[in-house]
Amino acid sequence: MPKIGIKPPKGFYANGTEHDQKGRWNSGSLVRWIDDVLRPIGGSRRWSNTSQGSVPYRGLHAWLDLSRNKWLAFGAHNIFKAVQGSGATFFDLTPPNLGIGRQDAEYEDGYGYGLYGSGTYGMPIQQLQDGALDPATTWDIDNFGEILIACHSDDGRILEWDLSTTGGPNLLDAANADFSQLTGLDATSNGGLGGGGWTEAPAINGSGWEIDTSAQTCTYTPFNGTTQLRYELRGLTVGQKYRIRGTKAGTGALYITVLNSSLSPVTDLNSSLSIYSRFYSLQNDDNSPYFEATSTTMHIRFNGDTFGSNTTTISNMSFVSAPVLTAVTNAPVNNKGVLVTDERFVFALGSGGNPRKIAFSDREDRNTWTPAATNEAGDIELNDTGEIMCGVKTRGQTLILTTTSAHTMRYIGAPYVYSTTIAGSNCGVISKKAAVNTEAGVFWMGDKSFYYFDGNTVRDLNCDVLDFVFNDFDYGQKSKIFAWVNSKYNEVWWHYLNSTTVEDALTYVEPNRYVSYNYKDNYWMIGDLLSARTSGIDAGIFEYPLTMWNLGLDGFARTAYIQEQEVGANFGDSAFAEAGALEIGKGDNIMKVSSTYPIVQNRNDVRIKLYARDYTGDTWSQKFTILTDQGKKDTRFQGREIKYRVEGNADADWRFSELRFDVTEGGKR
C-alpha cells in the first residue's frame, strides 16, 4: 500500500477559488513557519496590570533617556501618557485644551471625500451616510535625544516633554501643608496659594479633624456626625492638572473629593467618576490622585469614617501642578504629523495646514524654524496630488508617503538642505500608521495592495492573501490600520478591522484581524486575534514587542492595557492551519485512506482533523480527529478530495512537519 506525505509549502494562500488554493494552506490563525515547520506564534500577557482607561490608543513609542532608563509613551484621541520602564509610575501628559479628536472615523455633513485624486478608483467606499469622512485620531511620537516629541493629528501642534519635568511647583507652603503653623482650622488665617487655606466645616470641638502642630499631622476621630476638612486653592490655571500628595496613616477610611468654586464635585481624570473613594491612599509621588482645574478656585475635601473607632491621619500634604506636553517654541501649527530625522531635524508634516508641505527646524535646534543664512531651517512642498500621511526613516534618507505617492528626502547640506525625489506613483499608504521600516526596506499597506521600498525604488509586493484581506475589510475605518515590526521573526504585521466579524453576536469596532509578511522567507500569514489591538512596537528597548490591547467590542467599554507579545504559549486551539483540497490527478478518482501518520513534536499538544468530499463545492464531511500522541492511526475513509486541519490541543509550543497517509486509488465511482 503506497504511503504519501502531504506537506503544503509554508505560508497561506487565500486568493482566487478553492481550486486555486489546492495543495496550499488556505486558512488559519496564530501560526507561523520556521525552517518549514508549522508552529504557533508566541503568546501574550499584560506588561502592566494598570488599566489605561476605556479609549483606543493609536500611537506607541519607546526610547531611552540619557541615563539608559526605558520609557514608553502612548496617545489616544483625548489623552497622552508616558511611563518609565518598570511600569510603576504613569504620567498623564495631556496638555490643556488639546484639540478635539475622534476615537472612530466619523462622517460629516457636506459633499466631497478628501482631496481630489485621493482614494482608489474602482474601490467601493463603505459610506454609511452622506458627507465627508474624518479619520480616527492618531499620534506621531518620536524623541529628540531624551526629549519626547509628539503630534496629535487633529490638534496639529508639535508638542514636547522634557523628562526632567515630572512635577510642577508646590502650590501649598510646606509648613502649612504639614500643619506646623496652624492653631486652628481657619481659612482666613493661613496662606496657601492666593490666600487659600484650611477650614473645617462644620468645626466641632473635641471631635472630627484635630491638628497636632508639633507632629505636623491632622487626625480624624469618628463620631456620630459629619465633619469635613477642606483646603481652598486659589490662582489655579484652568485646564492645568494638579496632584494631591500626602501621607495617610491609621486604619480608618479616607475619602477625597475635589470640588469646584461652587463646591460641586469634579471628575476624576483616572476613572471618569467623581473623585470620591474610601480606598484612596495618599502618596508623595506621581501616582497620587490628580484633577483638572475647571476654575481658578478649587477645594479639596477630606472625610474620615463617620462611625466606629478607626482613626485617619494625614500629613506631608501638598498640591503640585502635574507635568504636561507643551508646544515646541516657534514650531508651526496645524500640522498632521511629526518625525525627528536621523540628522536631528524635526519635520512638521502637512505643515501649517498645507497637506503637501514639510517644514523642518534647524539641525540640532528644535526651536528654530525661520530660515536664515545662519541656519538650516526651511520647508519643501511636494509635487503631488495627494496629501502627506506619514514619514519613515530608512537608510540615510526619509521616505515620505502620501495618499497617492512616495517621495524620498535626502540631506545634502546648505543651501538647499534637503533634496526630494519621487520614488513611486500610485502607491499611496492606506493610513497614517500603516508603514514601517525594516532591515529589508520600508513596507506599507495601500488601498488595494502592499508595497515596499528597497532604498531606491518602490515595488509592488506580491501578496498571496490579497483577496482574503481586501474582500472583507472595513474601509470606513481604514484610518485605524497600523503596522509594527516583529524583527525576531523577520515579520511585518498589519492590524485591521474586517467588515463582517461577529463574535457571539457582538461586533468588533477595533482592529481584530491581522495580515503578516515574512520578508526573509517570503510568505504571508493571516489570522484573527482573541482581542483587538490598536498600536504596536518591536522589541529592542523592551524585551518583548508591545501592543496596546483593547477589548474592541461594540457596546462595551474599550478598556486598554499594555500587552507583551511573543511570550510563552497561550492560544490553545485558536492556533490552527488548514490545508486546501488534496486530490489524485485531476480529482476524478476516489482516494481510499486506511491509516495516517502525523510527523509532530510535542505529540500531546497537537490535534489533526481529517475531512473528505466527492466534488469541489460539496460540503466537507469530518471523518476523524487524531490526537497525535496516538502515533499511527487507523483512519478508513474515502473521497475524491481530502483535506486536514492542524490545531493546538493545549497551550504549548507544538511543532507540525508533515502528514502521511496510506492511500490506494479507487475507481471513478
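If you're wondering where the values come from, they're calculated on a predicted model, not measured in any experiment.
By the side chain to side chain contact (heavy atoms under 4.5 Å, CB included) test, T50 pairs with S48, Q52, F90, sequence neighbours left out. Under the side-chain hydrogen bond (donor to acceptor under 3.5 Å, both in side chains) criterion, T438 pairs with no residue, sequence neighbours left out. Under the rule for a salt bridge (charged side-chain N to carboxylate O under 4.0 Å, His left out), the partners of D454 that lie at least two apart in sequence or sit in another chain are R459. For the side-chain hydrogen bond (donor to acceptor under 3.5 Å, both in side chains) test, residues two or more places apart in sequence or in another chain that qualify with D155 are R157. Residues that satisfy the side-chain hydrogen bond (donor to acceptor under 3.5 Å, both in side chains) test with R558, not counting sequence neighbours, are D104, E510. Here D538 pairs with nothing under the salt bridge (charged side-chain N to carboxylate O under 4.0 Å, His left out) rule; sequence neighbours left out. With sequence neighbours excluded, the residues that form a side chain to side chain contact (heavy atoms under 4.5 Å, CB included) with A414 are E376. In this structure, the side chain to side chain contact (heavy atoms under 4.5 Å, CB included) partners of D365, at least two apart in sequence or on a different chain, are D362, N367, T368. For N143, the side-chain hydrogen bond (donor to acceptor under 3.5 Å, both in side chains) partners are H61, not counting sequence neighbours.
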| task | Kindly determine whether K480 and D474 satisfy salt bridge (charged side-chain N to carboxylate O under 4.0 Å, His left out), including the steps that lead there. | result | CA-CA 10 Å; K480 297 179 179 180; D474 189 344; over 6 Å; no
| request: Output, in order, the C-alpha distance, side-chain angles, deciding distance and verdict of side-chain contact (heavy atoms from CB on, under 4.5 Å) for N550 and T559. | output: CA-CA 6 Å; N550 195 285; T559 307; over 6 Å; no
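In this structure, E292 CD and M298 CE are separated by 9.0 Å, a value rounded to the nearest 0.5 Å. A distance of 10.5 Å separates CD1 of I430 from OG of S449, quoted to the nearest 0.5 Å. In this structure, the separation between CG on L461 and CE on M445 is 11.5 Å, given to the nearest 0.5 Å. Atom CZ of F347 sits about 5.0 Å away from atom OG1 of T398, to the nearest 0.5 Å. Atoms CD and CG, from E160 and L93 in turn, are 12.0 Å apart once rounded to the nearest 0.5 Å. Atom OG1 of T408 and atom CD1 of I400 lie 9.5 Å apart (nearest 0.5 Å).
Atom CD1 of I422 sits in a crowded spot, with more than 12 heavy atoms from other residues, nucleotides or ligands closer than 6.0 Å. Residue N426 qualifies as open at atom CG: its count of foreign heavy atoms under 6.0 Å is 12 or below.
A cation-pi geometry, defined here as NZ or CZ lying under 6.0 Å from the six-membered ring centre and within 45° of its normal, does not hold between R58 and W139.
For residues 412-422, no pair satisfies salt bridge (charged side-chain N to carboxylate O under 4.0 Å, His left out), with sequence neighbours left out. Among residue pairs with one or both ends in residues 135-151, those qualifying as salt bridge (charged side-chain N to carboxylate O under 4.0 Å, His left out) are D140-K432, D140-K433, D142-K393; sequence neighbours excluded.
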Side-chain donor-acceptor pairs under 3.5 Å in residues 332-343, sequence neighbours left out?
residue	atom	partner	partner atom	Å
N335	OD1	G352	N	3.4
N335	ND2	G156	O	2.9
N335	ND2	P332	O	2.7
K336	NZ	S153	O	3.4
T341	OG1	E343	N	3.3
T341	OG1	E343	OE1	3.1
T341	OG1	R344	N	3.4
T341	OG1	F345	N	3.1
T341	OG1	Y418	OH	3.4
E343	OE1	Y418	OH	2.7

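With F443 as reference, Y452 is the one residue of F450, W484, Y452 to meet the ring pair (Phe, Tyr, Trp, His ring centres under 6.0 Å) rule.
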